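Residues take their numbers from the sequence shown, with the count starting at 1. Just so we're clear, the structure is a prediction, and the values are computed from it rather than from any experiment.
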Amino acid sequence: METFAQIAPNIAANCLILLGTAALLFPKTMAAFVGIQPVAPVGISEIRSTLGSFFLGLGATCLWLQSADAFTVLGVSRLKTLAMWLQKPSWVVCFFSVGAGILS
């Protein structure tokens, strides 16, 4: 039986894939979730590419490679995101970032 320490990075990667998919499909909702607002139509594309594609790609890469290096990149990216969001707190997002960073 696998331990939680072995399963936790995969849980974080799956959460990131779900978040990325939601950002691709519902960019305005996800923008509100992270506390930003697009001011022009090109902003929607930016949200899809930044939040959607990056999160989806990073999560899928972690699941595919199953490498400690890939999961380290996932953890560092989430903790860096947390540090940026702490400047303008959205506590739901901060909680998710801390959880994903710790799990990976």
Side-chain angles (χ1 to χ4, degrees):
M1 182 168 182
E2 294 186 47
T3 65
F4 182 71
Q6 294 170 325
I7 297 172
N10 291 320
I11 293 171
N14 281 312
C15 288
L16 203 61
I17 288 173
L18 289 174
L19 192 63
T21 303
L24 283 173
L25 298 176
F26 310 106
K28 290 181 181 178
T29 304
M30 292 307 295
F33 176 70
V34 297
I36 60 175
Q37 181 178 5
V39 294
V42 74
I44 298 294
S45 298
E46 192 67 27
I47 291 166
R48 281 190 171 123
S49 67
T50 304
L51 294 177
S53 300
F54 177 70
F55 290 172
L56 187 61
L58 183 57
T61 300
C62 287
L63 290 177
W64 182 40
L65 294 177
Q66 289 295 307
S67 151
D69 294 335
F71 286 109
T72 300
V73 170
L74 170 64
V76 169
S77 72
R78 298 313 310 152
L79 293 175
K80 173 64 176 163
T81 304
L82 170 67
M84 291 176 8
W85 281 330
L86 282 176
Q87 295 173 2
K88 184 178 178 188
S90 168
W91 297 112
V92 173
V93 175
C94 291
F95 178 75
F96 176 78
S97 293
V98 168
I102 291 172
L103 287 176
S104 55

* Structure fact -> Scanning both residues in full, the closest heavy-atom pair of Pro9 with Leu74 reads O-CD2, 4.5 Å

* What distance separates Phe71 CZ from Thr61 OG1, expressed to the nearest 0.5 Å? -> 10.0 Å

* **Leu58 versus Val73, closest heavy-atom pair with distance** => CD1-CG1, 3.9 Å

* Asked: Nearest heavy-atom pair of Cys62 and Ala70: which atoms, and what distance?
  -> SG-O, 3.3 Å

Identify every side-chain donor-acceptor pair in residues 14-29 under 3.5 Å, counting partners at least two apart or on other chains, and give the distances.
unit_1: Asn14; atom_1: ND2; unit_2: Asn10; atom_2: O; d: 3.0
unit_1: Thr21; atom_1: OG1; unit_2: Ile17; atom_2: O; d: 2.9

* Asked: Quick one: CD1 on Ile47 to CD on Gln37, what's the gap to the nearest 0.5 Å?
  -> 9.0 Å

* Going by side-chain heavy atoms closer than 4.5 Å, which hydrophobic residues are tied to Leu65, directly or by a chain of links? -> Trp64

